[in-house]
Amino acid sequence: MLRRISVVIAGCLLAAVVTHSSNATPVVTNSDAQKYIVLSDTRVDVVINNDLAQTTVTQHMFNSSTKSIPLSMDIVLPRAAHANSLSAVINGRAYKAVVREKATARSIVSEARKKDRFAALVEENDGILHLEFSKVLPCSELSVTFSYIQKNSYSDGEFHYSFDTRTEHVKATKKHSFKMAIEVSCTAGIISAGSSTHRLEGGVDGKIAEFNVRDITTTQEVFEFTYRMDLKPGGARDNAAR
(Lines give C-alpha, C1' and ligand atoms only; values in the text may rest on other atoms or scores of the structure.)
Protein backbone atom coordinates (compact mmCIF):
# COMPACT_ATOMS: atom_id res chain seq x y z
CA MET A 1 0.00 0.00 0.00
CA LEU A 2 1.31 3.43 -0.94
CA ARG A 3 1.34 5.81 2.02
CA ARG A 4 1.43 9.58 1.92
CA ILE A 5 4.05 12.12 2.81
CA SER A 6 2.57 15.57 3.28
CA VAL A 7 4.48 18.28 1.44
CA VAL A 8 4.86 21.98 1.58
CA ILE A 9 6.45 23.54 -1.47
CA ALA A 10 8.04 27.00 -1.13
CA GLY A 11 7.47 27.35 2.52
CA CYS A 12 5.09 24.42 2.81
CA LEU A 13 6.20 21.39 4.72
CA LEU A 14 6.29 17.82 3.52
CA ALA A 15 5.27 15.60 6.38
CA ALA A 16 5.03 11.89 6.33
CA VAL A 17 3.80 9.45 8.89
CA VAL A 18 3.30 5.75 9.04
CA THR A 19 -0.02 6.45 7.53
CA HIS A 20 2.08 8.11 4.83
CA SER A 21 4.62 7.18 2.97
CA SER A 22 13.67 14.77 -4.57
CA ASN A 23 21.68 19.87 -7.81
CA ALA A 24 21.63 16.60 -8.04
CA THR A 25 22.23 13.88 -5.54
CA PRO A 26 21.17 14.17 -1.88
CA VAL A 27 23.71 15.28 0.74
CA VAL A 28 23.43 13.50 4.10
CA THR A 29 23.62 16.10 6.87
CA ASN A 30 23.40 14.33 10.27
CA SER A 31 26.42 12.63 11.86
CA ASP A 32 24.88 9.23 12.63
CA ALA A 33 23.68 8.84 9.06
CA GLN A 34 27.06 9.98 7.68
CA LYS A 35 28.62 7.18 9.70
CA TYR A 36 26.19 4.34 9.01
CA ILE A 37 24.15 5.05 5.87
CA VAL A 38 25.80 3.39 2.85
CA LEU A 39 24.94 4.17 -0.77
CA SER A 40 24.54 1.12 -3.01
CA ASP A 41 23.34 2.54 -6.33
CA THR A 42 22.23 5.71 -8.10
CA ARG A 43 19.99 6.03 -11.15
CA VAL A 44 19.42 9.28 -13.08
CA ASP A 45 16.90 9.57 -15.91
CA VAL A 46 16.70 12.79 -17.93
CA VAL A 47 13.80 13.44 -20.27
CA ILE A 48 14.15 16.57 -22.44
CA ASN A 49 11.32 18.01 -24.51
CA ASN A 50 12.55 20.93 -26.62
CA ASP A 51 14.11 23.23 -24.01
CA LEU A 52 12.55 21.71 -20.85
CA ALA A 53 14.25 18.93 -18.90
CA GLN A 54 12.83 16.67 -16.21
CA THR A 55 15.47 14.94 -14.10
CA THR A 56 14.56 11.96 -11.93
CA VAL A 57 17.08 10.69 -9.36
CA THR A 58 16.76 7.42 -7.43
CA GLN A 59 19.25 6.38 -4.77
CA HIS A 60 19.26 3.08 -2.86
CA MET A 61 20.94 3.01 0.55
CA PHE A 62 21.03 0.87 3.66
CA ASN A 63 21.60 1.36 7.36
CA SER A 64 24.72 -0.59 8.29
CA SER A 65 24.18 0.03 12.01
CA THR A 66 22.64 -2.45 14.44
CA LYS A 67 20.40 0.31 15.78
CA SER A 68 17.73 2.61 14.41
CA ILE A 69 19.10 6.00 13.39
CA PRO A 70 17.58 9.26 12.15
CA LEU A 71 18.39 10.44 8.65
CA SER A 72 18.41 13.97 7.26
CA MET A 73 19.41 15.02 3.74
CA ASP A 74 19.60 18.18 1.64
CA ILE A 75 18.92 18.22 -2.09
CA VAL A 76 20.19 21.38 -3.79
CA LEU A 77 18.16 21.97 -6.93
CA PRO A 78 19.69 23.67 -9.97
CA ARG A 79 19.06 27.38 -10.31
CA ALA A 80 15.45 28.11 -11.30
CA ALA A 81 14.50 24.42 -11.12
CA HIS A 82 11.31 23.29 -9.41
CA ALA A 83 10.71 19.98 -7.63
CA ASN A 84 7.67 18.15 -8.93
CA SER A 85 7.68 14.78 -7.15
CA LEU A 86 9.24 12.96 -4.21
CA SER A 87 8.76 9.44 -2.94
CA ALA A 88 10.60 7.05 -0.64
CA VAL A 89 10.70 3.44 0.49
CA ILE A 90 11.67 3.39 4.16
CA ASN A 91 11.60 0.40 6.52
CA GLY A 92 9.92 -1.63 3.79
CA ARG A 93 7.05 0.79 3.22
CA ALA A 94 6.42 3.08 0.24
CA TYR A 95 5.62 6.76 0.73
CA LYS A 96 4.67 9.55 -1.66
CA ALA A 97 4.69 13.29 -0.96
CA VAL A 98 1.44 15.23 -0.79
CA VAL A 99 0.96 18.92 0.00
CA ARG A 100 -0.10 19.98 3.49
CA GLU A 101 -0.18 23.32 5.32
CA LYS A 102 2.95 23.81 7.41
CA ALA A 103 1.13 23.82 10.76
CA THR A 104 -0.78 20.68 9.84
CA ALA A 105 2.34 18.89 8.68
CA ARG A 106 4.23 19.73 11.86
CA SER A 107 1.31 18.55 13.95
CA ILE A 108 1.19 15.20 12.12
CA VAL A 109 4.89 14.59 12.61
CA SER A 110 4.86 15.72 16.24
CA GLU A 111 2.07 13.30 17.06
CA ALA A 112 3.83 10.46 15.23
CA ARG A 113 7.04 11.00 17.19
CA LYS A 114 5.17 10.96 20.49
CA LYS A 115 3.84 7.53 19.57
CA ASP A 116 7.27 6.32 18.35
CA ARG A 117 5.93 5.93 14.83
CA PHE A 118 7.85 6.70 11.66
CA ALA A 119 7.60 10.31 10.53
CA ALA A 120 9.22 12.43 7.83
CA LEU A 121 9.54 16.10 7.02
CA VAL A 122 10.49 17.75 3.76
CA GLU A 123 10.79 21.48 3.31
CA GLU A 124 11.71 23.48 0.21
CA ASN A 125 13.39 26.81 0.84
CA ASP A 126 15.38 28.82 -1.70
CA GLY A 127 15.89 25.84 -4.00
CA ILE A 128 16.95 23.40 -1.27
CA LEU A 129 14.85 20.39 -0.33
CA HIS A 130 15.53 19.37 3.27
CA LEU A 131 14.41 15.82 4.21
CA GLU A 132 14.21 14.35 7.69
CA PHE A 133 13.29 10.75 8.53
CA SER A 134 12.74 10.04 12.22
CA LYS A 135 14.23 6.56 12.14
CA VAL A 136 15.70 4.04 9.72
CA LEU A 137 15.57 0.53 11.14
CA PRO A 138 18.80 -1.42 11.74
CA CYS A 139 20.30 -3.24 8.73
CA SER A 140 17.41 -2.08 6.54
CA GLU A 141 17.32 -0.76 2.98
CA LEU A 142 15.83 2.54 1.88
CA SER A 143 15.43 4.44 -1.35
CA VAL A 144 14.61 8.04 -2.23
CA THR A 145 13.29 9.16 -5.62
CA PHE A 146 12.76 12.79 -6.58
CA SER A 147 12.35 14.71 -9.81
CA TYR A 148 12.62 18.33 -10.84
CA ILE A 149 11.95 20.40 -13.95
CA GLN A 150 14.23 23.08 -15.37
CA LYS A 151 14.59 25.12 -18.55
CA ASN A 152 17.83 24.41 -20.39
CA SER A 153 20.03 27.38 -21.18
CA TYR A 154 20.65 28.43 -24.79
CA SER A 155 23.83 29.94 -26.24
CA ASP A 156 25.87 29.75 -29.46
CA GLY A 157 23.06 27.90 -31.19
CA GLU A 158 22.96 25.05 -28.63
CA PHE A 159 20.87 24.06 -25.64
CA HIS A 160 22.83 23.18 -22.51
CA TYR A 161 21.98 20.72 -19.71
CA SER A 162 24.18 19.85 -16.71
CA PHE A 163 24.01 17.55 -13.68
CA ASP A 164 26.26 17.52 -10.61
CA THR A 165 27.25 13.87 -10.07
CA ARG A 166 29.01 14.28 -6.73
CA THR A 167 27.61 12.52 -3.68
CA GLU A 168 28.81 14.08 -0.43
CA HIS A 169 28.92 12.92 3.19
CA VAL A 170 27.71 9.40 2.50
CA LYS A 171 29.78 6.27 2.02
CA ALA A 172 29.38 4.25 -1.16
CA THR A 173 29.92 0.53 -1.49
CA LYS A 174 32.86 -0.65 -3.59
CA LYS A 175 30.32 -2.05 -6.05
CA HIS A 176 28.29 1.16 -6.16
CA SER A 177 26.46 1.44 -9.48
CA PHE A 178 25.81 4.82 -11.13
CA LYS A 179 23.60 4.75 -14.22
CA MET A 180 22.36 7.69 -16.24
CA ALA A 181 20.18 7.87 -19.35
CA ILE A 182 19.04 10.81 -21.48
CA GLU A 183 16.09 10.97 -23.84
CA VAL A 184 15.55 14.04 -26.05
CA SER A 185 12.50 14.79 -28.19
CA CYS A 186 12.07 17.99 -30.20
CA THR A 187 9.45 19.47 -32.48
CA ALA A 188 12.30 20.33 -34.87
CA GLY A 189 14.97 17.94 -36.10
CA ILE A 190 17.99 17.37 -33.86
CA ILE A 191 21.16 18.32 -35.72
CA SER A 192 23.63 17.14 -33.09
CA ALA A 193 23.87 16.04 -29.46
CA GLY A 194 26.81 15.13 -27.25
CA SER A 195 28.78 15.55 -24.06
CA SER A 196 32.12 17.29 -23.52
CA THR A 197 32.65 15.51 -20.19
CA HIS A 198 31.48 11.90 -20.60
CA ARG A 199 31.24 9.14 -23.17
CA LEU A 200 27.75 8.53 -24.57
CA GLU A 201 26.29 5.42 -26.16
CA GLY A 202 23.29 5.93 -28.42
CA GLY A 203 22.46 8.38 -31.15
CA VAL A 204 20.13 10.78 -32.91
CA ASP A 205 17.22 9.70 -35.10
CA GLY A 206 15.39 12.68 -36.58
CA LYS A 207 13.56 14.46 -33.78
CA ILE A 208 14.58 11.95 -31.09
CA ALA A 209 17.89 11.22 -29.37
CA GLU A 210 18.61 8.55 -26.77
CA PHE A 211 21.84 7.99 -24.85
CA ASN A 212 23.28 6.04 -21.94
CA VAL A 213 26.08 7.84 -20.10
CA ARG A 214 29.23 5.79 -19.56
CA ASP A 215 32.03 6.02 -16.99
CA ILE A 216 30.01 8.17 -14.61
CA THR A 217 30.94 8.20 -10.91
CA THR A 218 30.09 10.07 -7.71
CA THR A 219 33.59 11.58 -7.51
CA GLN A 220 33.42 13.56 -10.75
CA GLU A 221 31.93 17.01 -10.74
CA VAL A 222 29.50 17.99 -13.49
CA PHE A 223 28.06 16.10 -16.43
CA GLU A 224 27.57 18.41 -19.42
CA PHE A 225 25.23 17.73 -22.34
CA THR A 226 24.45 19.91 -25.37
CA TYR A 227 22.12 19.51 -28.32
CA ARG A 228 21.34 21.56 -31.39
CA MET A 229 17.92 21.77 -33.03
CA ASP A 230 17.17 22.70 -36.62
CA LEU A 231 15.57 26.02 -35.70
CA LYS A 232 14.36 28.20 -38.53
CA PRO A 233 15.44 31.85 -38.18
CA GLY A 234 12.57 33.90 -36.81
CA GLY A 235 10.46 30.80 -36.13
CA ALA A 236 8.54 30.19 -32.95
CA ARG A 237 11.19 27.88 -31.38
CA ASP A 238 13.99 30.22 -32.38
CA ASN A 239 12.28 33.13 -30.67
CA ALA A 240 11.50 31.04 -27.60
CA ALA A 241 15.12 29.91 -27.33
CA ARG A 242 16.36 33.46 -27.48
So, does [X] use its side chain to make a donor-acceptor pair with the main chain of [Y] at under 3.5 Å?
X	Y	value
D156	E158	no
D51	S153	no
S147	T55	no
K207	T187	yes
N63	V136	yes
S65	Y36	no
T165	V222	no
E210	I182	no
S185	I208	no

For [X] and [Y], test the side chains for any donor-to-acceptor distance below 3.5 angstrom and give the result as yes or no.
X	Y	result
H160	N152	no
Q59	T42	yes
S72	N30	yes

Say you draw a straight line from [atom1] of [X] to [atom2] of [Y]; how long is it, rounded to the nearest 0.5 Å?
X	Y	atom1	atom2	value
D74	L129	CG	CG	9.0 Å
K67	C139	NZ	SG	12.5 Å
S195	Y227	OG	OH	14.0 Å
T58	K179	OG1	NZ	12.5 Å
I191	D230	CD1	CG	4.5 Å
I48	E183	CD1	CD	9.5 Å

Is it possible for you to say whether [X] and [Y] belong to one hydrophobic cluster, with membership spreading through side-chain heavy-atom contacts below 4.5 Å?
X	Y	result
V38	L137	no
V89	L86	no
F178	L200	yes
F163	I216	yes

* Using the ring-ring contact (aromatic ring centres under 6.0 Å, His included) rule, take Y161 and F225 through it: C-alpha gap first, then chi angles, then the decisive distance, then the call. => CA-CA 5 Å; Y161 169 88; F225 178 77; 7.2 Å; no
* Could you tell me whether D45 and R43 have a side-chain N and a carboxylate O separated by less than 4.0 Å? => yes
So [Y] and [X], do their side chains get closer than 4.5 Å, heavy atoms only?
X	Y	answer
T197	E224	yes
L131	I75	yes
N49	V47	no

* Worked verdict on I37 versus L71 for side chain to side chain contact (heavy atoms under 4.5 Å, CB included) -> CA-CA 8 Å; I37 295 295; L71 170 63; 4.1 Å; yes
For [X] versus [Y], what's the shortest heavy-atom pair and its separation?
X	Y	result
D32	P70	OD2-CD, 4.4 Å
F223	H198	CD1-ND1, 3.3 Å
T29	M73	OG1-N, 3.9 Å
V46	A53	CG1-CB, 4.5 Å
Y148	A81	CD1-CB, 3.9 Å
A33	I69	CA-CD1, 4.0 Å

* Asked: Which is it for V57 and T145 under the side chain to side chain contact (heavy atoms under 4.5 Å, CB included) test, yes or no, and what are the steps along the way?
  -> CA-CA 6 Å; V57 180; T145 299; over 6 Å; no
* Which is it for V213 and R199 under the side chain to side chain contact (heavy atoms under 4.5 Å, CB included) test, yes or no, and what are the steps along the way? -> CA-CA 6 Å; V213 183; R199 183 166 59 93; over 6 Å; no
* Would you please indicate if the ring centroids of F159 and Y154 are separated by under 6.0 Å? => yes
* Asked: Around atom CD of Q54, are there more than 12 heavy atoms of other residues, nucleotides or ligands at under 6.0 Å?
  -> yes
